[in-house]
Amino acid sequence: MGRPVMRGGAMDANDQVRALRWDGATLQILDQRLLPAEVRWLVATDASETARAIHDMAVRGAPAIGLAGAYGLVMAARALASADAFGWQAGITAAVRLLAASRPTAVNLAGALSHLEIIARQGAPGDWQALERAADGLWAADLAANRRMGELGSAYLAPGTQVLTHCNTGSLATAGLGTALGVIRTAWAQDRLARVFATESRPWLQGARLTSWELNRDGIPVSLIVDSAAAFFMARGEIDWVIVGADRITANGDVANKIGTYALAVAARHHGLRFMVVAPSTTVDLALAEGGEIPIEFRGPEEVLRLAGRAGPEPLLEAPNPVFDVTPAALIDVLVTEKGAIERPDARTLAALMARS
Ligand code: MRU
């Protein structure tokens with residue numbers, strides 16, 4: 001111990017929660033499967049425990065799993081500190097593979113791992129502290145990005161705006177503050193919000209369990225609705241903006257995000273509402289041309305069956321469970337990153353945005 005447990009700066013009144021703590025040797029993970037009923041911290045002591053925590057959703061959200069993966073790799077590197085050059089490289093490669101396989105859709109995980117892997121290859125074998133510094137840097141950069149995106153996104157919202165958000169994109173899903181939830185928090189602090197709707201976000205209930213919990217802790221009132229009620233409230237004129245995060249954004253501006261995002265974008269366009277995606281540049285994957293190329297994670301049927309009150313598989317009952325979908329760029333009114341915001345993103349405007357320093 002002895003090292004500060006927080007990275008990237010202090011929390012403020014509108015940012016009260018952290019998903020992870022790093023103490024210089026182990027990664028503490030706020031177990032998001034238990035929230036809000038129970039606040040319990042898991043301790044991951046190596047890369048494989050970290051990979052399991054990511055796969056099993058103890059930590060989730062694109063930037064947060066990127067950071068967890070980074071510290072998982074730092075722990076692997078620390079254990080390899082006295083290996084020879086060959087053992088160091090082989091051990092790093094194995095840990096990167098293990099961690100990267102834990103969840104496929106959010107590019108933040110693969111991106112963070114590859115950033116650290118390059119440092120491990122270029123530096124002196126055994127220099128695990130260089131990886132720790134890099135992971136700390138990712139943490140600070142993500143928090144700074146969220147603060148910047150909060151300001152940029154909030155500027156689009158007129159006073160009295162009614163917002164709907166999906167899944168959880170808050171401090172639990174990031175280094176702190178959040179992406180879409182960072183915009184919502186900032187807009188609340190700037191007195192621009194009349195109402196926030198959170199969808200339940202089945203089957204994991206990130207909205208019902210996590211977004212509601214975070215907003216409540218910050219004293220921000222929230223209306224929790226079942227996923228299928230979104231269009232109902234849109235039709236009644238009770239929503240002005242849908243604001244969501246992203247797990248991967250391809251070169252043409254297509255966005256993978258929590259299952260149900262695509263339906264919200266279609267419904268928003270039908271009702272003439274505006275649709276905003278908020279994500280750091282670490283979520284943009286220019287190597288993929290369009291959304292059809294994004295690997296979409298399917299999780300087990302038991303996640304769907306449990307909420308439907310079914311004890312387990314039945315012979316004539318299937319429960320395919322894609323956990324992300326792709327919203328075409330054409331349905332996105334505003335894309336906010338820390339580098340700036342663009343309206344109606346496409347390949348040209350996104351490339352220009354990503355080229356900014
Ligand atoms: O399955 P999850 O909970 O990891 O999915 C999370 C989302 O889809 C979020 O909207 C996305 O990661 C952005 S979080 C800032």
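Counting convention: from 1, in listed order, for ligands and their atoms alike. Predicted, not measured: the structure shown is a model, and the values here were computed from it.
Close approach of ligand 1 to Q206 is summarised as follows: ligand atoms under 4.0 Å from at least one heavy atom of the residue are 1 (O), 2 (P), 3 (O). Here is the list of ligand 1 atoms found below 4.0 Å of a heavy atom in A62: 12 (O), 14 (S). The ligand atoms of ligand 1 that sit less than 4.0 angstrom from a heavy atom of K258 are 1 (O), 2 (P), 5 (O), 8 (O).
Rounded to the nearest 0.5 Å, atoms OG1 (T26) and OH (Y71) are 12.0 Å apart. To the nearest 0.5 Å, atoms CG (L131) and CD1 (I119) are separated by 6.0 Å.
For R60, a nitrogen or oxygen atom sits less than 3.5 Å from a nitrogen or oxygen atom of ligand 1, counting backbone and side chain alike. Residue P63 has no nitrogen or oxygen atom sitting less than 3.5 Å from a nitrogen or oxygen atom of ligand 1, judged on distance alone.
Between T199 and L164, the closest heavy-atom pair is CG2-CD2, 4.1 Å.
Ring-plane geometry between F197 and F233 is classed as tilted, the angle between the planes lying from 30 to 60 degrees on a 0 to 90 degree scale.
Using a cut-off of 4.0 Å between Lys/Arg side-chain N and Asp/Glu carboxylate O, R40 and D31 are scored as not salt-bridged. Using a cutoff of 4.0 Å between basic side-chain nitrogens and carboxylate oxygens, D333 and R344 are scored as salt-bridged. For E132 and R78, the salt-bridge test fails: no basic side-chain N is under 4.0 Å from an acidic carboxylate O.
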> Going through the distances and angles, do E151 and R147 end up as a salt bridge (Lys or Arg N to Asp or Glu O under 4.0 Å)?
Replying inline: CA-CA 7 Å; E151 297 292 333; R147 290 180 172 154; over 6 Å; no
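Seen from the ring of W41, R21 counts as a face-on cation partner, given the 6.0 Å and 45° thresholds.
Of all the heavy atoms of C167, the ones lying under 4.0 Å from any atom of ligand 1 belong exclusively to the side chain. In T174, the part holding a heavy atom less than 4.0 Å from any atom of ligand 1 is the side chain. Contacts with ligand 1 closer than 4.0 Å are made by backbone heavy atoms (N, CA, C, O) of A246 only, the side chain lying farther away. Contacts of F324 with ligand 1, taken as heavy-atom pairs under 4.0 Å, involve the side chain alone.
Here the protein heavy atom with the shortest distance to atom 9 (C) of ligand 1 is N257 OD1, 3.4 Å. The shortest contact between atom 14 (S) of ligand 1 and any protein heavy atom is with A173 CB, 3.6 Å. Closest to atom 15 (C) of ligand 1 among all protein heavy atoms lies T179 OG1, 3.1 Å. The protein atom (non-hydrogen) at minimum distance from atom 11 (C) of ligand 1 is D247 OD1, 3.2 Å.
By heavy-atom distance, the residue among E297, M149, R103, M57 lying nearest atom 4 (O) of ligand 1 is R103.
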